[in-house]
2 protein chains.
Amino acid sequence: MPSLSLRINLDPEGRIGPGKIELLEQIAAFGSISAAARNMDMSYKRAWDLVEEMNRLFGKPVVAAQTGGRKGGGAQLTAVGLAIVSRFRAIERAAESAAQQHMTALQAEIAAAQI
Amino acid sequence: MPSLSLRINLDPEGRIGPGKIELLEQIAAFGSISAAARNMDMSYKRAWDLVEEMNRLFGKPVVAAQTGGRKGGGAQLTAVGLAIVSRFRAIERAAESAAQQHMTALQAEIAAAQI
DNA sequence: CACGGTTATATTCATTCGGATATATCGACT
DNA sequence: AGTCGATATATCCGAATGAATATAACCGTG
């Protein structure tokens, strides 16, 4: 069954979608960029690049990282980061429920034409 | 100002978003794949590849093309194609209006953190 | 002070993607 | 029959993308 997938366009060439949002959630959950990357089966480099891109994109950092320390360091979401995640999920839920009837109608129209 | 951008996930690895939908609209408007491609500043190959992908994706063709003839041929949307376009736009509108307040709230939260 | 685990960053390589190009086919019209 | 403009399709090449690898820096703790 078809499902919605939505992203937000910012600035001229900056967008944020399900992938980056999930990465932020994983970072929040594990307290570390590398742990999040491992858990998402993604290279640390890629995860770090995405975080960097988001930090640049929003003007303010969405992830605050510390180097060194007993556990080598870590990373948490900033207030902006937390706000972005929760707002994005809220937007997703709202859009999904608003589009639901159109989605099932579309599905029916495609299935009908299959005959 | 940020704006929404949404796509529909079908099957395992098939998605349709604003780009393909706009291409379909242009084909409907011009009655030709190549005219649509020119108007969208896209190579004919790319446009044709996208159309082919969509035809395969939906099981039934979304574009019906004729070769030859006084004007060389042409292409129109099938019933499925038309339904997809109009449903997609409807879903877009519904999602946009449902998400609007969350969007402005998000914008405000980001702007506030900029200080 | 060395260790460990993480952040931070550069470099190289393979793969994918799209653009460019070329060519064949088709059929109404002159 | 020949022209024209569009579809249909293959091939080649450069650019962009992401994976892999390597390495430096950082700092609490033993």
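Residue numbers begin at 1 in each chain, while the letters A, B, ... track the order of the sequences.
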Notebook entry, point to check: Is there a side-chain contact between A:Leu4 and B:Ile8, using heavy atoms and a 4.5 Å cut-off?
Noted result: yes

Checklist line | Side-chain donor or acceptor of A:Asn9 paired with backbone N/O of B:Pro2 under 3.5 Å | finding: no

Notebook entry, point to check: Are A:Phe30 and A:Met42 co-members of a hydrophobic cluster defined by side-chain heavy atoms under 4.5 Å apart?
Noted result: no

Notebook entry, point to check: Distance from A:Leu77 atom CG to A:Ile27 atom CD1, nearest 0.5 Å?
Noted result: 6.5 Å

Check: What string of B, S and - do you get for nucleotides 10-23 of chain D 5' to 3' if you count protein non-hydrogen atoms under 4.0 Å?
Finding: -B------SSB---

Check: Distance from B:Arg7 atom CZ to B:Ile91 atom CD1, nearest 0.5 Å?
Finding: 13.5 Å

Checklist line | Side chain to side chain, A:Ile84 and B:Leu106, heavy atoms closer than 4.5 Å | finding: yes

Check: Between B:Leu23 and B:Met40, is any pair of side-chain heavy atoms under 4.5 Å apart?
Finding: yes

Margin query: For DNA chain D, which residues of residues 28-37 of chain B approach it to below 4.0 angstrom with any heavy atom?
Written below: B:Ser32, B:Ile33, B:Ser34

Check: Which residues satisfy the salt bridge (Lys or Arg N to Asp or Glu O under 4.0 Å) test with A:Arg89, sequence neighbours excluded?
Finding: A:Glu25, A:Glu92

Next item on the list: Determine whether B:Ile16 and B:Phe58 make a side-chain contact, defined as any pair of heavy atoms from C-beta on separated by less than 4.5 Å.
Entry: yes

Item checked: Bounds of contact between DNA chain C and chain B, in 5' to 3' order, using a heavy-atom cut-off under 4.0 Å -> C:dG18 to C:dC29

Item checked: More than 12 heavy atoms of other groups within 6.0 Å of B:Glu53 CD -> yes

Note to self: Under 4.0 Å, heavy atom to any atom of DNA chain C: which of residues 66-75 of chain B qualify?
What the structure shows: B:Thr67, B:Gly68, B:Gly69, B:Arg70

Next item on the list: With rounding to the nearest 0.5 Å, note down the distance linking OG in B:Ser5 to CG in A:Leu6.
Entry: 8.0 Å

Check: Which pairs pass side chain to side chain donor-acceptor pair (under 3.5 Å) with one or both residues in residues 64-76 of chain A, sequence neighbours excluded?
Finding: A:Gln66-A:Gln76

